[in-house]
Amino acid sequence: MSGSFKIGKVAGIGIFIHWTFAILIAYIVYSHYQKGENFQQIVWAIIFILSIFIAVVLHEFGHALMAKKFQIKTMNITILPIGGIARVEKISEQPLEELFIAIAGPVVNISLALITSLFINRPTTDITQEITTSINSHNFAHHFLIANIYLAIFNLLPAFPMDGGRILRASLAFFLKRTTATHIASSIGQLLAIGFILVGFFSNPILVLIGLFIFIAAQIESDYVMIQSRLHGYTVRDAIMKNYQSIDANASIEKAIELLLNSQYETFLVIQNDIAVGTLNRADIIIALEKFGQKEIIQNIMNKKFVTLQAESTLENAFQQSQQSNIILMPVLDQNKLIGTIDATNIIEFIQINEALNKYSSIST
């Protein structure tokens, strides 16, 4: 994710933190300072935020380790101020697998709450008094316990992208088609999102933002699964673009500008000795032109991170790779020979054409 910085690697999984997390720390310091709290109280507040950070990481590792049991690799984990995101190579379409993977995260938070409760001396005062006062050495465990309970409950809400949405879909998928289960789960999530938005208008603006986030995420998930279902049974060969614009790795930016201005192509496949070695898009060209001038060599500015597909691989897998890796253009090989390219836009057009043909056939008959 753009704007994220790697802070470590555990069990082969990179851990990243988004730069906006620093804003959260700054806000905590400022808000406590405004309340007139002393240095020690501010330090305890920061320690508490960092402990929640650890809890979120462990939550995501719960998903990752469970996914590993089903031979699904987790590439990395990114921590944001609003939670964590575990980027996996694929989402399991097996209901039981998805159910176990989704529930593993909240189970970690519940386990952390139970373990924390063992170290809490039963308070002589009401627990609500303990957790409404500023965080200190005496009530830190109480706050940590309650925070993990909140994390578990929030993630169990039946809405994408929370774990509860995936748990609901997996449960429905035992009896329904995956597309139908996703549609139902997304619709329930969007109804919940509308509730958040309405309540937020009269109480807390944060609920409005959460509601909007849930509503959009539910629609994205529904659209994604719908596209995947319509690609089922097709291979990359069915949607391949045989006419594509290539450029030699040893050519200059000047040549790339010429191609850009004289054609409708915005992304080029970079070739060296008849082998795809990278990609180059319009944004890359403009940025490089500003930095290095038009004599710079393409090989020095091209994007070397790309995915090569085999012609007989599934179109579902191609679309998934383009979405997860955020890759624009992918070269296609047949027996190690470059025969064309494919991208997400091309795949969507393939779906639209098939839909139009199916509608025409149904009208004709």
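What you are looking at is a predicted structure, and each value in this text was computed from that prediction instead of being measured. Every heavy atom of this structure was used, including side-chain atoms; hydrogens, water molecules and symmetry mates were not.
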inquiry  = Less than 4.5 Å apart, side chain to side chain, heavy atoms only: is that true for T341 and V332?
reply    = no

query = Any side-chain heavy-atom pair from L259 and Q245 closer than 4.5 angstrom?
reply = yes

task = Linking directly or through intermediates, with side-chain heavy atoms under 4.5 Å: list the remaining ILVMFWY members grouped with I220, chain and number order.
result = I216

query = If Ile, Leu, Val, Met, Phe, Trp and Tyr residues are connected whenever their side-chain heavy atoms lie under 4.5 Å apart, and connections chain through other members, are F16 and F61 in the same group?
reply = no

task = Please write out which residues are connected to I110 in a hydrophobic cluster, directly or through intermediates, given that two of Ile, Leu, Val, Met, Phe, Trp, Tyr count as joined at side-chain heavy-atom separations below 4.5 angstrom.
result = L114

Non-hydrogen atoms of A193 and G211 that approach each other most closely = CB-O, 3.1 Å

Under 3.5 Å donor-acceptor, N262 side chain and E258 backbone = yes

Qualifying residues under salt bridge (charged side-chain N to carboxylate O under 4.0 Å, His left out), relative to E266, sequence neighbours excluded = R282

message = According to a hydrophobic-cluster definition based on side-chain heavy atoms being under 4.5 Å apart (Ile, Leu, Val, Met, Phe, Trp, Tyr only), do L168 and F215 belong together?
response = no

query = Below 4.5 Å, heavy atoms only, C-beta onward: do H63 and D163 meet side chain to side chain?
reply = yes

key: Residue F70 excluded, over 12 heavy atoms near CZ under 6.0 Å   = yes

message = According to side-chain hydrogen bond (donor to acceptor under 3.5 Å, both in side chains), who are the partners of Q294, at least two apart in sequence or on a separate chain?
response = none

request  = Could you tell me whether N300 atom CG has more than 12 heavy atoms of other residues or ligands within 6.0 Å of it?
outcome  = yes

message = With heavy-atom distances below 4.5 Å as the criterion, would you say the side chains of I348 and F319 are in contact?
response = yes

Those residues that, when tested against N336, pass side-chain hydrogen bond (donor to acceptor under 3.5 Å, both in side chains) (two or more places apart) = none

query = Got a salt bridge between R166 and E221, using NZ or NE/NH1/NH2 to carboxylate O under 4.0 Å?
reply = yes

ask   = Would you say S222's side chain and A218's backbone share a donor-acceptor pair under 3.5 angstrom?
value = no

query = Do the side chains of I347 and I339 join up, straight or via other hydrophobic residues, at under 4.5 Å, putting them in one cluster?
reply = yes

message = With clusters defined by side-chain heavy atoms of hydrophobic residues (ILVMFWY) lying less than 4.5 Å apart, directly or transitively, does V199 cluster with I194?
response = no

message = So, using side chain to side chain contact (heavy atoms under 4.5 Å, CB included) as the criterion, who are the partners of S51 when residues are at least two apart?
response = F48, F140, F144

task = Name all residues meeting the side-chain hydrogen bond (donor to acceptor under 3.5 Å, both in side chains) criterion together with Q228; count only those two or more places apart in sequence or in a different chain, and write none if there are none.
result = none

remark   = Sorted by chain and number, sequence neighbours left out, salt bridge (charged side-chain N to carboxylate O under 4.0 Å, His left out) with E254 holds for K295

Criterion side-chain contact (heavy atoms from CB on, under 4.5 Å) against L280, the qualifying member of I285, I253, N303 = I285

task = Taking D238 for its side chain and T235 for its backbone only, find out whether a donor-acceptor pair lies under 3.5 Å.
result = yes

ask   = Side chains of L157 and F196: closer than 4.5 Å at any heavy-atom pair?
value = yes

key: Heavy-atom pair with the smallest gap, counting every atom of I197 and V208   = O-CG2, 3.7 Å

query = Hey, quick one: are L191 and I214 part of the same hydrophobic cluster, counting side-chain heavy atoms closer than 4.5 Å, chains of contacts allowed?
reply = no

key: Residue pairs, two or more places apart or on separate chains, that pass ring-ring contact (aromatic ring centres under 6.0 Å, His included) and touch residues 330-356   = Y234-F350

query = Hey, is CZ on F174 packed in by over 12 heavy atoms from elsewhere, all under 6.0 Å?
reply = yes

ask   = Quick one: are Q299 and N250 in side-chain contact, heavy atoms under 4.5 Å?
value = yes

key: Heavy-atom neighbours of Q335 CD exceed 12 at 6.0 Å   = no

key: Set of residues satisfying side-chain hydrogen bond (donor to acceptor under 3.5 Å, both in side chains) with respect to D248, sequence neighbours excluded   = none

Qualifying residues under salt bridge (charged side-chain N to carboxylate O under 4.0 Å, His left out), relative to D334, sequence neighbours excluded = R237

task = Applying salt bridge (charged side-chain N to carboxylate O under 4.0 Å, His left out), name anything that partners E316, two or more places apart in sequence or on another chain.
result = none

task = Would you check if F268 and L260 make a side-chain contact, meaning some heavy-atom pair closer than 4.5 Å?
result = yes

